[in-house]
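Only one structure is covered here, and it is reproduced in the block below.
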Amino acid sequence: MGNKKDWQRTVECGALRSAQVGETVTVNGWANSVRDHGGVTFIDLRDRTGLVQIVVDPTRNATSEEAHLAAQTVRSEFCLSIRGTVSARVPGAENPNLATGEIEIKAARIEILNPCRTLPFQIDQDQAGTNEELRLKYRYLDLRRPSMYEKLRLRHEAVRLIRAALYEQGFLEIETPILTKGTPEGAREYLVPYRLQPGLFYVLPQAPQQFKQLLMVSGVERYFQIAKCFRDEAQRADRQPEFTQLDLEMSFATQEDILNLVEALMVQVIEALSEKQIPQPFVRLTYDEAMARYGSDKPDLRFGLELVDCAHILQNTGFAVFQNILSSGGQVKAIRYPGGAKLARSQMDELVTLSKEFGAKGLAYFLVDDEGNASRGPVAKFLSNEEKAAIVAAASAEPGDLVGFIADTPATTAKVLDRLRRLIGERLGLADRNTLACCWITDFPVFEKDEETGGWTYAHNPFSMPNEGHMALIDTDPEAMRAQTYDLVCNGVEWASGSVRIHKPDIQTAILRKLGLDDAQIEARFGHMLQAFEHGAPPHAGIAPGLDRLVMFLTDDENIREVIAFPKMGGGFDPLMNAPSPIEAYQLAELGLQITPKPDGEKKV
RNA sequence: GGAGGUGUAGCUCAGUCGGUUAGAGCGCCGCCCUGUCAAGGCGGAGGCCGCGGGUCCGAGCCCCGUCAUCUCCGCCA
């Protein structure tokens, strides 16, 4: 206490109430706004706890001449120390919009800790209208806005709750290397040249996957980490080149253990930090069910509009287009567009155009009339009355609805109908913004066909344990194999992904061979994992929810940059630090690197 | 890699059918003002209309190219 400087605050701005009237206090903060009336001047002083009004009135109180002169030079965002007396506002001058609106501080002394030059943008207004590149360039100013501070605080609280809950359950928080080795395939990786032996590179981790499994072999049993992950892929509104996952792994655990743990943890965090409705228990769907009913492995369950498989209804149809698709292994599935019969012809045409953009050959549809009959629309005349009635019933279509059909391969049918379903849901406002509809998607395929090479590629994660008995299918019907895998999906967004891991070297080797790796490649890339599995590796399972996504749910942001303190722009460029940037010639020489200039001149900077 | 949107004052934006001197609000600067809280009044400064080319008597506006940025597809778990 004796070390305290006289400019240092004794109270925080937002904490002051009528109870403190009469006290002499010192506050520190920034001038949120200044209102100079010639004689009396008001300053709204802001710190992270809120605003308090400062009155500078040389005729009415102990305000010194210096304080009055200082107040006249104060501009927006000056950093100030102010000492004064907490006073009740004059009757009628209270501000009910301010938590501290009953009182004000009559300034005796004003110290300008640091002035502020003219701002590049106004920070006492909502950030929504400001050019984002400018916000990122001056991120330190952008983050002064209370709404941005609140996002930082929510993120902090989420992490704090997660840590507390996992500590409580015996999890160890362990850091794993950032300079490491890549996992083949998957996302493009960030590379760091190795100076001591030019030509070698570290790889930044896409996730701590292998390390956390090795920690299980180590006997840690319960591991977690708030882990930075790196992927050198194209950006999206909800993707950053570096992002954060809650990475966790448990030994001697089943899928059920992981699902229960994560479900309880996420519900706890959401309920503690938001008013969102989060229905429980989370819906569970297998991958096959999800694809059949929603055409997606990450369905938005805030609304229905389930897809209707018309195969049975149309098995003897006279409509050649549908018949040909069905007899060649394709699907005919329908989706209901509530009230869609009222759409203008141009809007219906737009649906057809969009379907084609999504990959379908077209969109067939009929309209349901007031009597519940499918009397109009392009396919109405090609289907029998019995067929139409059965489809109307199966889709629960009502008078005034449009029923659209996609007839194509199962993959294309799913993809297009998923898009249409989301489009309809969005247009009709079916998704309640205040609800977080979570579901577990389980039992993903182990392999899927690689259309380019004709070989097999992993569908989920090459370390995932196939379902019991499914290894028997690896030579006969690998496409039918399912694994002990699970994704947590919320409002159509993939939130977490995990699996029971393979802990047996023979199974892991068989899977890798099926993926087309020869024994030499397996040894080079996964030798250390297989060797670890040969040393008494325990059964283990894990998962990794996206932390940025969690915060986006809390803040209702659709843009991941809003919930990261210092994010990067679209190309991975950081306009605040000006990174990436060129390095010195000697640094390149040390690394044994030579830059080949792009033929067509310079970009940027 | 592809598609679409945007680019005009420090910020957010308007700018008609291509027409002579490019506007508004906020911010900034100056003066006035004793109760405001988005303070108010008066005055002022501030523009490579992203950049390059073209069409035209004439381009912020039309055409071509290019750069930046945002969103989506591809990609990415």
Side-chain angles (χ1 to χ4, degrees), chain A residues 32-45 51-61 63 68 75-77 87 89-98 100-101 104 106 116-138 141 183 185-189 206-207 209 229-241 243 245 297-298 354 357-359 415 419 441 444 458-462 464 485-489 493-499 543-546 549 558-559 561 569-571 573 575 600-605:
Chain A
N32 197 63
S33 70
V34 182
R35 298 177 293 280
D36 183 353
H37 287 243
V40 64
T41 297
F42 301 95
I43 299 169
D44 285 343
L45 194 73
L51 290 177
V52 68
Q53 175 165 280
I54 310 295
V55 193
V56 184
D57 184 352
T59 68
R60 296 263 298 272
N61 58 45
T63 301
H68 189 231
R75 298 289 181 272
S76 289
E77 298 306 315
S87 311
R89 292 199 185 188
V90 297
E94 302 90 349
N95 185 351
N97 300 320
L98 226 51
T100 61
E104 59 197 6
K106 292 195 184 306
C116 177
R117 52 189 234 190
T118 301
L119 297 163
F121 51 84
Q122 287 163 258
I123 74 178
D124 62 338
Q125 292 175 0
D126 188 47
Q127 61 268 21
T130 308
N131 177 282
E132 195 178 1
E133 185 172 357
L134 204 63
R135 288 177 60 201
L136 295 184
K137 182 173 179 183
Y138 296 95
L141 293 178
T183 306
E185 304 181 66
R188 185 183 300 117
E189 293 159 319
Q206 298 178 44
Q209 180 68 33
C229 305
F230 304 86
R231 286 172 197 163
D232 186 5
E233 291 291 349
Q235 304 285 283
R236 280 287 192 285
D238 61 349
R239 283 192 234 153
Q240 278 276 292
F243 60 100
Q245 289 191 334
D297 61 359
K298 45 179 177 150
L354 285 169
E357 282 175 19
F358 296 154
K415 179 180 167 188
R419 295 288 186 73
I441 309 295
F444 283 75
Y458 61 88
H460 194 264
N461 174 322
S464 299
T485 44
Y486 33 88
D487 278 7
L488 175 56
V489 171
V493 174
E494 185 195 318
W495 185 4
S497 190
S499 63
I543 191 167
R549 299 245 161 108
E558 312 234 321
N559 189 321
R561 296 183 293 274
M569 293 193 307
F573 186 77
D600 48 355
E602 63 267 35
K603 281 188 166 189
K604 204 118 194 152
V605 178

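These numbers come from a predicted model, not from an experiment.
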Counter-base of B:rC62, judged by Watson-Crick or G-U geometry with both distances under 3.5 Å = B:rG54
task = Please work out if A:Asn32 contacts a base, only the sugar-phosphate, or nothing of the nucleic acid, heavy-atom cut-off 4.0 Å.
result = nothing
ask   = In whole Å, what separates the C1' atom of B:rC64 from that of B:rC56?
value = 16 Å
note = A:Phe358 CZ to B:rA3 P, in whole Å, measures 18 Å
message = Rounded to whole Å, how long is the line connecting atom CG of A:Leu98 with atom P of B:rA38?
response = 9 Å
Gap in Å between the two P atoms, one belonging to B:rU55 and one to B:rU16, rounded = 24 Å
request  = Look at the side chain of A:Gln206 and the backbone N and O of A:Ala187, then say whether any donor-acceptor pair between them is shorter than 3.5 Å.
outcome  = yes
request  = With salt bridge (charged side-chain N to carboxylate O under 4.0 Å, His left out) as the test, would you mind laying out the steps for A:Arg239 and A:Glu233 before giving the verdict?
outcome  = CA-CA 9 Å; A:Arg239 283 192 234 153; A:Glu233 291 291 349; over 6 Å; no
request  = Look only at the side chain of A:Asn131 and the backbone of A:Glu133, and say whether a donor-acceptor pair between them is shorter than 3.5 Å.
outcome  = yes
message = Quick check: do A:Ser76 and A:Leu119 have side-chain heavy atoms less than 4.5 Å from each other?
response = yes
key: Interatomic distance at C1', B:rU6 relative to B:rU20, whole Å   = 29 Å
ask   = Does the distance from a Lys or Arg side-chain N to an Asp or Glu carboxylate O, for A:Arg549 and A:Asp238, drop under 4.0 Å?
value = yes
task = Considering just the side-chain nitrogens and oxygens of A:Arg35, establish if one lies under 4.0 Å of OP1 or OP2 belonging to B:rA39.
result = yes
task = Take atom CD of A:Glu189 and atom C1' of B:rC75, then tell me their distance rounded to the nearest Å.
result = 14 Å
ask   = Rounded to the Å, how far apart are A:Ile54 CD1 and B:rG35 C1'?
value = 15 Å
Heavy-atom donor-acceptor pair, A:Ser33 side chain to A:Asp44 backbone, under 3.5 Å = no
Donor-acceptor pair present, A:Glu104 side chain and B:rG35 base, under 3.5 Å = yes
message = OP1 or OP2 of B:rA39 versus the side-chain N and O atoms of A:Ser33: is any pair under 4.0 Å?
response = yes
request  = Mark yes or no for whether A:Arg188, through its side chain, and A:Asp232, through its backbone, hold a donor-acceptor pair below 3.5 Å.
outcome  = yes
Whether A:Tyr486 side chain and A:Ser499 backbone form a donor-acceptor pair below 3.5 Å = yes
ask   = Is the shortest side-chain N/O distance from A:Arg117 to OP1 or OP2 of B:rG27 below 4.0 Å?
value = no
remark   = The reported gap from CG in A:Asp487 to NE2 in A:His460 (rounded to nearest 0.5 angstrom) is 4.0 Å
request  = Report, as a single string ordered 5' to 3', how protein heavy atoms within less than 4.0 Å touch nucleotides 6-12 of chain B: B base, S sugar-phosphate only, - not at all.
outcome  = ----BSS
inquiry  = Between B:rC29 and B:rU69, how many Å separate the two C1' atoms, rounded to a whole number?
reply    = 32 Å
What's touching nucleotides 30-33 of chain B from the protein side, N or O pairs under 3.5 Å?
residue : atom : partner : partner atom : Å
B:rC33  : N3   : A:Asp36 : O            : 3.3
B:rC33  : N3   : A:Gly38 : N            : 3.3
B:rC33  : N4   : A:Gly38 : N            : 3.4

key: P gap between B:rU21 and B:rC49, integer Å   = 15 Å
note = Pairing partner of B:rA14, by Watson-Crick or G-U wobble and under 3.5 Å for both distances, is none
ask   = Taking CG from A:Asn97 and P from B:rC37, how many angstroms apart are they, rounded to a whole number?
value = 11 Å
message = Tell me the interatomic distance from A:Ile43, atom CD1, to B:rG35, atom P, rounded to whole angstroms.
response = 17 Å
note = side-chain contact (heavy atoms from CB on, under 4.5 Å) filter on A:Gln122, not counting sequence neighbours, yields A:Asp124, A:Gln125
task = Using whole Å, report how far CD of A:Gln245 lies from C1' of B:rC76.
result = 12 Å
d(NZ, A:Lys106; C1', B:rU34) in whole Å = 11 Å
Output a table of nitrogen or oxygen pairs between the protein and nucleotides 72-74 of chain B separated by less than 3.5 Å.
residue : atom : partner  : partner atom : Å
B:rC72  : OP2  : A:Ala237 : N            : 3.3
B:rC73  : OP2  : A:Arg236 : NE           : 3.0
B:rG74  : N7   : A:Arg236 : NH2          : 2.7
B:rG74  : O6   : A:Arg236 : NH1          : 2.7
B:rG74  : O6   : A:Arg236 : NH2          : 3.4

query = Would you find a donor on one side and an acceptor on the other, under 3.5 Å apart, between the side chain of A:Ser464 and the backbone of A:Thr485?
reply = no
query = What residues form a side chain to side chain donor-acceptor pair (under 3.5 Å) with A:Asp297, not counting sequence neighbours?
reply = none
query = What distance, rounded to whole Å, do you find between the two C1' atoms, one in B:rG44 and one in B:rA9?
reply = 14 Å
query = For B:rG27, which nucleotide is its Watson-Crick or G-U wobble mate, given both distances must be under 3.5 Å?
reply = none
inquiry  = Using Watson-Crick or G-U wobble geometry with both distances under 3.5 Å, which nucleotide pairs with B:rA68?
reply    = B:rU6
task = Quick one: label A:Asn95 by what it contacts on the DNA or RNA (base, sugar-phosphate, nothing), any heavy atom closer than 4.0 Å.
result = base
message = For A:Arg419, give me all partners under side chain to side chain donor-acceptor pair (under 3.5 Å), at least two apart in sequence or on another chain.
response = none
key: Distance, P atom - from B:rG47 to B:rG41, rounded to whole angstrom   = 26 Å
key: Same-atom distance (P) from B:rG25 to B:rG65, integer angstrom   = 39 Å
inquiry  = Which is more 5' along RNA chain B, the nucleotide nearest A:Ser76 or the one nearest A:Ser497? Just name the residue.
reply    = A:Ser76
Atom pair CE/CZ of A:Met569 and A:Arg135 - distance to nearest 0.5 Å = 13.0 Å
